[in-house]
Amino acid sequence: MVRCIRVPKKDGEAVRSVLREKGLLDLDSRIRSDSNCLLIPILSASYGDYPVVDAELRVQEHRETDYRELLDIPDDLKKELPNSHDVIGDVLLLKLTDDLLPYKHEIGEALMRTTPNIRTVMLDSGVKGDFRIRELEQIAGTGSSETVHREFGVRMLTDPAKVYFNPRLATERARVASLVRDGETIIDMFAGVAPFGTVICKCARPKIVYSIDLNPEAEHFAKRNAELNHIDNLVPMTGDAREVVKDLPDADRIIMNLPQMAEQFLPDALAKAKPGATIHLHKIMERTELGSFRDGLGPKMAELGLGMHIDRVSEMKTYSPTMSVYVFDIVRD
Ligand SMILES: C[S@@+](CC[C@H](N)C(=O)[O-])C[C@H]1O[C@@H](n2cnc3c(N)ncnc32)[C@H](O)[C@@H]1O
């Protein structure tokens with residue numbers, strides 16, 4: 001039995017919040033309704049003029065939401081604990097400093113307990129090679145890193161250990177999809193598991209989306225994603241985008257999400273773009289270099305006989321203290 005006060009329902013929320021503020025609310029028991037009153041559990045002998053009664057109340061489960069509160073690690077290491085991580089489907093990807101590696105399993109378990117809908121936690125040592133694949137080690141939970149990620153109602157099968165996938169591009173994918181006009185021919189030159197193509201085909205009405213990647217695993221996942229989402233106008237292809245685009249029809253829109261070096265492929269994209277077509281070029285750079293890159297791109301392409309202008313530039317995310325990832329919407333003249 002728990003000590004409660006009997007409070008008319010109309011005063012219930014106000015009384016509960018004052019009790020909580022004063023530290024008099026019993027947080028281990030759940031408030032219960034009793035005809036037109038609430039039974040509110042208290043830690044004091046009484047409160048105000050409300051009648052005191054003993055009642056059976058259900059136990060209130062507490063779920064810790066900050067994984068750091070569950071960890072027993074030296075104080076000087078606590079400041080190194082990451083404030084953020086990525087979640088792809090039910091897989092949580094976490095980067096740790098070398099100092100924290102001896103505690104990786106405890107950290108993984110704490111994240112399993114505090115993060116809803118997570119099946120496994122993987123230590124992420126960063127992306128490597130041309131395929132931008134992640135080196136992953138399971139530190140908590142079960143199963144592999146293959147998972148289904150949901151974005152704006154679209155399901156995407158992926159495995160960050162086999163093919164690059166960036167859950168942080170959801171807003172950019174939705175933005176591009178919102179620009180697509182009916183009947184467009186679209187080429188995604190560095191497509192991964194085809195998240196751009198899948199979102200575009202589900203949310204807009206393109207004629208066709210060619211989804212190219214150098215990594216053969218990407219084509220396998222992209223095909224599965226087309227099936228999963230009942231899409232029949234997505235064409236996954238394996239190969240070097242520079243070569244593959246040569247055999248494709250001219251495009252109304254080209255997506256270039258290879259931020260380390262996409263501009264090296266820009267002449268190939270411009271050669272394939274219809275007049276008035278838009279190219280979405282992603283680029284990582286020092287923030288101080290934005291102006292010179294933006295002003296220099298047009299003249300550089302003009303030297304190759306390729307007319308273009310930049311319609312819009314936006315900073316998608318910070319990459320390091322001095323660098324950011326930008327997207328340039330480039331129009332073919
Ligand atoms: C940043 S990822 C793109 C991921 C995808 N757009 C997304 O939103 O998740 C870049 C991709 O480009 C692929 N890639 C690298 N060089 C390539 C090339 N020359 N031709 C085609 N794809 C390439 C990599 O395998 C990788 O999957």
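It should be emphasised that the depicted structure is a prediction, and the values quoted were computed from it without experimental measurement. The figures that follow rest on heavy atoms only: side chains count, while hydrogens, waters and symmetry mates do not.
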Q: Restricting to non-hydrogen atoms, name the atom on Gly108 and the atom on Ile139 that form the minimum distance, rounded to 0.1 Å.
A: CA-CD1, 4.0 Å
Q: Using side chain to side chain contact (heavy atoms under 4.5 Å, CB included) as the criterion, list what pairs up with Arg155, not counting sequence neighbours.
A: Val148, Arg150, Leu228, Asn229
Q: I want to check something: taking the side chain as every heavy atom from C-beta on, are Ile186 and Ile200 in contact at a cut-off of under 4.5 Å?
A: yes
Q: Give the other cluster members for Ile133, using side-chain heavy-atom distances under 4.5 Å between Ile, Leu, Val, Met, Phe, Trp and Tyr residues; answer none if it is isolated.
A: Phe131, Leu214
Q: Look at the side chain of Arg332 and the backbone N and O of Leu270, then say whether any donor-acceptor pair between them is shorter than 3.5 Å.
A: yes
Q: Looking at Lys104 and Glu137, does any basic side-chain N land under 4.0 Å from a carboxylate oxygen?
A: yes
Q: Between Leu100 and Pro82, is there a side-chain heavy-atom distance shorter than 4.5 Å?
A: yes
Q: What residues, two or more places apart in sequence or in another chain, satisfy salt bridge (charged side-chain N to carboxylate O under 4.0 Å, His left out) together with Lys9?
A: none
Q: Could you give the distance from CD (Glu263) to CG (Leu258), rounded to the nearest 0.5 Å?
A: 9.0 Å
Q: If you look only at pairs with a residue in residues 236-245, which of them pass as a salt bridge (charged side-chain N to carboxylate O under 4.0 Å, His left out), with sequence neighbours excluded?
A: Arg242-Asp268, Glu243-Lys246
Q: Can you sort out the partners of Arg224 under salt bridge (charged side-chain N to carboxylate O under 4.0 Å, His left out), two or more places apart, ordered by chain and number?
A: none
Q: For the pair Asp54 and Arg3, find out whether any cationic side-chain nitrogen is under 4.0 Å from an anionic carboxylate oxygen.
A: no
Q: Are any non-hydrogen side-chain atoms of Thr114 and Thr65 less than 4.5 angstrom apart?
A: no
Q: Examine the side chains of Glu315 and Ser324 and answer whether a donor and an acceptor come within less than 3.5 Å of each other.
A: yes
Q: To the nearest 0.5 Å, what is the distance between CG (Leu136) and CG (Leu94)?
A: 11.0 Å
Q: Met122 and Leu157: same hydrophobic cluster, using ILVMFWY side-chain contacts below 4.5 Å?
A: yes
Q: Kindly check if the number of other-residue, nucleotide or ligand heavy atoms within 6.0 Å of NZ (Lys22) is above 12?
A: no
Q: What residues form a salt bridge (charged side-chain N to carboxylate O under 4.0 Å, His left out) with Asp66, not counting sequence neighbours?
A: Arg68
Q: Nearest 0.5 Å, what's the CD1-CD1 distance between Ile279 and Ile330?
A: 6.0 Å
Q: Apply salt bridge (charged side-chain N to carboxylate O under 4.0 Å, His left out) to the pair Arg181 and Asp252, showing each step before the final yes or no.
A: CA-CA 9 Å; Arg181 291 177 300 261; Asp252 299 289; 5.5 Å; no
Q: Answer yes or no: are there more than 12 heavy-atom neighbours, outside Lys10 itself, under 6.0 Å from its atom NZ?
A: no
Q: To the nearest 0.5 Å, how far apart are CG in Leu81 and CG in Asp99?
A: 11.0 Å
Q: A side-chain contact here means heavy atoms from C-beta on lying under 4.5 Å apart; do Asn233 and Val209 qualify?
A: no
Q: Just so I know, are the side chains of Glu13 and Asp11 near enough to count as touching, which here means a heavy-atom distance under 4.5 Å?
A: no
Q: Using the ring-ring contact (aromatic ring centres under 6.0 Å, His included) criterion, which residues pair with Phe190? Sequence neighbours excluded.
A: Phe265
Q: Would you check if the side chain of Glu219 reaches a backbone N or O of Thr238 as a donor-acceptor pair within less than 3.5 Å?
A: yes
Q: Establish whether Leu101 and Ile73 are linked, either directly or via other cluster members, by ILVMFWY side-chain heavy-atom contacts under 4.5 Å.
A: yes
Q: Do Asp159 and Ser145 have a side chain donor and acceptor closer than 3.5 Å?
A: yes
Q: Is it the case that one hydrophobic cluster holds both Met256 and Leu248, taking links as side-chain heavy atoms less than 4.5 Å apart, direct or via other members?
A: yes
Q: Tell me whether Met112 is reachable from Val91 by hopping between hydrophobic residues (I, L, V, M, F, W, Y) whose side-chain heavy atoms are closer than 4.5 Å.
A: no
Q: Report yes if the side chains of Cys201 and Pro206 come closer than 4.5 Å at any heavy-atom pair, otherwise no.
A: yes
Q: Under a 4.0 Å N-O cut-off, is there an ion pair linking Glu151 with Arg173?
A: yes
Q: My understanding is that only residues two or more places apart in sequence, or in another chain, count here; which of them pass salt bridge (charged side-chain N to carboxylate O under 4.0 Å, His left out) with Arg205?
A: Asp182
Q: Spell out, as yes or no, whether a donor-acceptor pair under 3.5 Å connects the side chain of Ser144 to the backbone of Glu146.
A: yes
Q: Would you say that more than 12 heavy atoms from the other residues, nucleotides or ligands in this model lie under 6.0 Å from the CZ of Arg20, or not?
A: no
Q: Quick check on Asp295: does its CG atom have over 12 non-hydrogen neighbours (other residues, nucleotides or ligands) under 6.0 Å away?
A: yes
Q: Quick one, Thr322 and Thr288 - any side-chain contact, counting heavy atoms below 4.5 Å?
A: no
Q: Output every pair passing ring-ring contact (aromatic ring centres under 6.0 Å, His included) with a member in residues 281-316, not counting sequence neighbours, ordered by first then second residue.
A: Phe293-Phe328
Q: Please tell me whether Met261 and Leu306 are part of a single hydrophobic cluster in this structure, the criterion being side-chain heavy atoms less than 4.5 Å apart.
A: yes
Q: For Leu38, what are the other residues in its hydrophobic cluster, where any two members join if their side-chain heavy atoms are less than 4.5 angstrom apart?
A: Ile5, Val7, Val15, Val18, Leu19, Leu24, Leu25, Leu27, Ile31, Ile40, Ile42, Tyr47, Tyr50, Val52
Q: Starting at CD of Glu289, measure out to OH of Tyr326 and round the result to the nearest 0.5 Å.
A: 10.0 Å
Q: Is Ser29 reaching over with its side chain to a backbone N or O of Asp26, donor-acceptor style, under 3.5 angstrom?
A: no
Q: With a 4.0 Å cut-off, would you call Glu227 and Lys223 a salt bridge?
A: no
Q: Quick one: which of Val244, Val245, Asp247 gives a side-chain contact (heavy atoms from CB on, under 4.5 Å) with Met237?
A: Val244
Q: Answer whether the closest heavy-atom distance between the side chains of Arg113 and Leu70 falls below 4.5 Å.
A: yes
Q: Rounded to the nearest 0.5 Å, what's the gap from CE on Met189 to CG on Leu266? Could you check?
A: 8.5 Å
Q: Excluding sequence neighbours, so at least two apart, what forms ring-ring contact (aromatic ring centres under 6.0 Å, His included) with Phe165?
A: His149
Q: Which side-chain hydrogen bond (donor to acceptor under 3.5 Å, both in side chains) pairs, counting each pair once, include a residue from residues 85-94, with sequence neighbours left out?
A: Asp86-Arg168, Asp90-Arg119, Asp90-Thr147
Q: Are the side chain of Asp130 and the backbone of Asn215 linked by a donor-acceptor contact shorter than 3.5 Å?
A: no
